[in-house]
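One structure below.
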Protein chains: 2
Amino acid sequence: MRVTAPPVGILNDVRQRLMQEAITLFVQQGYSATTVRAIVAAAGVTKPVLYYYFKSKENLYLEIMNSIRKLLDQRIEMLHATAGSVRQRIQELFVGMLDSAHENLSVVRLAYAIYFGPPQGAPFVDFNHFFDEILDTVDALLAEGITTGEIVDCNRTIICWALVGSYQAILEEQFCRVTPRIDRNGLIQVVGQILDGVAPKTPQGAHQGEKYEAM
Amino acid sequence: MRVTAPPVGILNDVRQRLMQEAITLFVQQGYSATTVRAIVAAAGVTKPVLYYYFKSKENLYLEIMNSIRKLLDQRIEMLHATAGSVRQRIQELFVGMLDSAHENLSVVRLAYAIYFGPPQGAPFVDFNHFFDEILDTVDALLAEGITTGEIVDCNRTIICWALVGSYQAILEEQFCRVTPRIDRNGLIQVVGQILDGVAPKTPQGAHQGEKYEAM
DNA sequence: GTCTATATTGAGATAGAC
DNA sequence: GTCTATCTCAATATAGAC
């Protein structure tokens with residue numbers, strides 16, 4: 001039983017639905033166990049519709065993975081367009097990434113499932129590179145802060161792992177618990193706490209009244 | 001067709017091999033996709049041998065999961081039998097957990113695969129509780145440190161997330177990369193760095209020459 | 001009992017009408 | 001753009017010879 005075509009104003013509603021349902025099913029059943037039939041049934045369309053929008057199941061999967069990449073790239077671009085202290089920009093980066101993840105929780109959950117779960121014949125996606133990119137971005141920000149004197153000369157690697165590790169734990173909390181025990185504000189505090197550890201002791205390095213210090 | 005009982009000298013070599021091969025296969029193919037046939041073939045025994053040592057595939061799986069629990073419990077027990085400053089004990093806990101994980105990397109990898117991957121009909125194991133236990137243990141240590149004045153009065157939740165998050169990121173690095181970019185010593189430094197942020201400014205709170213400050 | 005050849009199933013993918 | 005109907009192919013199950 002057909003439903004009338006969607007209004008053109010809603011750009012490719014069907015395409016979005018297919019991706020969303022695929023994400024949900026990949027999370028629940030894994031890539032290989034999820035059939036094209038199940039995806040189209042969940043999206044309320046038929047098989048050819050899927051093959052019209054995506055070349056194949058594999059291609060659909062890759063487009064989903066690509067959407068994750070876009071989320072990260074957006075945040076890194078936004079970062080480059082942001083002014084402010086290194087501290088502010090680091091907090092902005094992490095909070096922004098958490099916000100993006102929050103708006104796309106199911107796809108983040110899928111990324112974790114793919115990364116840690118069994119391969120299942122799904123095309124390889126280099127999630128390690130994502131992590132490296134975040135690590136490198138934070139490292140560069142720290143390096144800048146050390147140059148300007150906003151941050152004391154320290155072992156950047158150590159600070160990077162503390163920051164990125166904390167971020168990841170808080171991110172995981174968002175989709176592994178029904179009621180996360182730590183949120184956006186907690187992240188701001190954690191990042192702030194770690195950065196306090198490398199703030200200069202001199203008054204000019206103080207950071208009162210900054211954007212993210214509230215709570 | 002029964003096999004004779006294993007020589008008592010080699011304490012259940014076969015049993016261990018079965019568990020190890022099961023772990024490897026569960027990681028590679030997932031729980032449901034791994035057949036009993038594949039496990040026994042990898043261990044070089046026949047099906048009845050598996051059913052002799054373990055009641056079922058499910059039971060074998062549960063014993064593997066139980067071995068993870070034992071690893072954590074051991075570390076928490078060791079902690080209670082450890083003297084030293086709060087700082088030392090926190091570092092000892094994290095380093096000890098990393099060491100345990102290192103000696104049992106494949107089972108840790110499996111735990112992550114199960115936790116984040118698709119359910120696959122495997123019996124439920126409450127991994128969240130593991131995480132909570134670590135969080136609570138660290139929190140209690142921090143609380144003790146605040147009472148004794150070794151640590152300044154701070155938002156313990158924030159410090160806990162920073163510590164446990166960093167630990168987890170470093171743990172994941174151990175089994176997600178062929179050559180981890182951070183190791184045991186890095187963990188000590190990260191934990192030390194975070195704890196420095198809550199150390200009292202007064203000289204009596206200083207922590208020179210402690211067990212884990214080398215590197 | 002074991003092996004090989006054949007059925008059956010169910011997956012991804014497509015052709016062509018509307 | 002979407003449908004019905006169909007194709008191809010691989011894995012699995014089964015039958016029947018040996």
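Quick note on labels: first sequence line is chain A, next is B, and so on, each numbered from 1.
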In whole angstroms, the gap separating C1' of D:dA10 from NZ of A:Lys57 amounts to 14 Å
Has A:Thr46 got a side-chain N or O lying under 4.0 Å from the OP1 or OP2 atom of D:dC3?
yes
Which of parallel (below 30°), tilted (30 to 60°) and perpendicular (above 60°) describes B:Tyr61 and B:Phe26?
perpendicular
Looking only at C:dA11, D:dT2, C:dA13, the nucleotide nearest the A:Arg37 side chain is C:dA11
### Query
Checking ring pair (Phe, Tyr, Trp, His ring centres under 6.0 Å) for the pair B:Phe131/B:Trp161: CA distance, chi angles, key distance, verdict?
CA-CA 11 Å; B:Phe131 185 72; B:Trp161 281 93; 5.6 Å; yes
Atom OH of A:Tyr53 and atom C1' of D:dT2 are separated, to the nearest Å, by 9 Å
Picking from C:dA11, D:dC3, D:dG1, the nucleotide nearest the side-chain atoms of A:Pro48 would be D:dC3
Among the nucleotides D:dT4, D:dG1, C:dT14, whichever has the atom closest to the side chain of A:Lys47 is C:dT14
Of the candidates D:dT2, D:dC3, C:dA13, the side chain of A:Tyr51 sits closest to C:dA13
> How are the rings of B:Phe127 and B:Tyr115 set relative to one another: parallel (under 30°), tilted (30 to 60°) or perpendicular (over 60°)?
Replying inline: perpendicular
To the nearest angstrom, the CD-C1' distance between A:Gln120 and C:dA11 comes to 15 Å
query: Does B:Lys57 make a cation-pi contact with B:Tyr31, if we ask for NZ or CZ under 6.0 Å from the ring centre and within 45° of the axis?
result: yes
In whole angstroms, the gap separating C1' of D:dC3 from OH of A:Tyr52 amounts to 14 Å
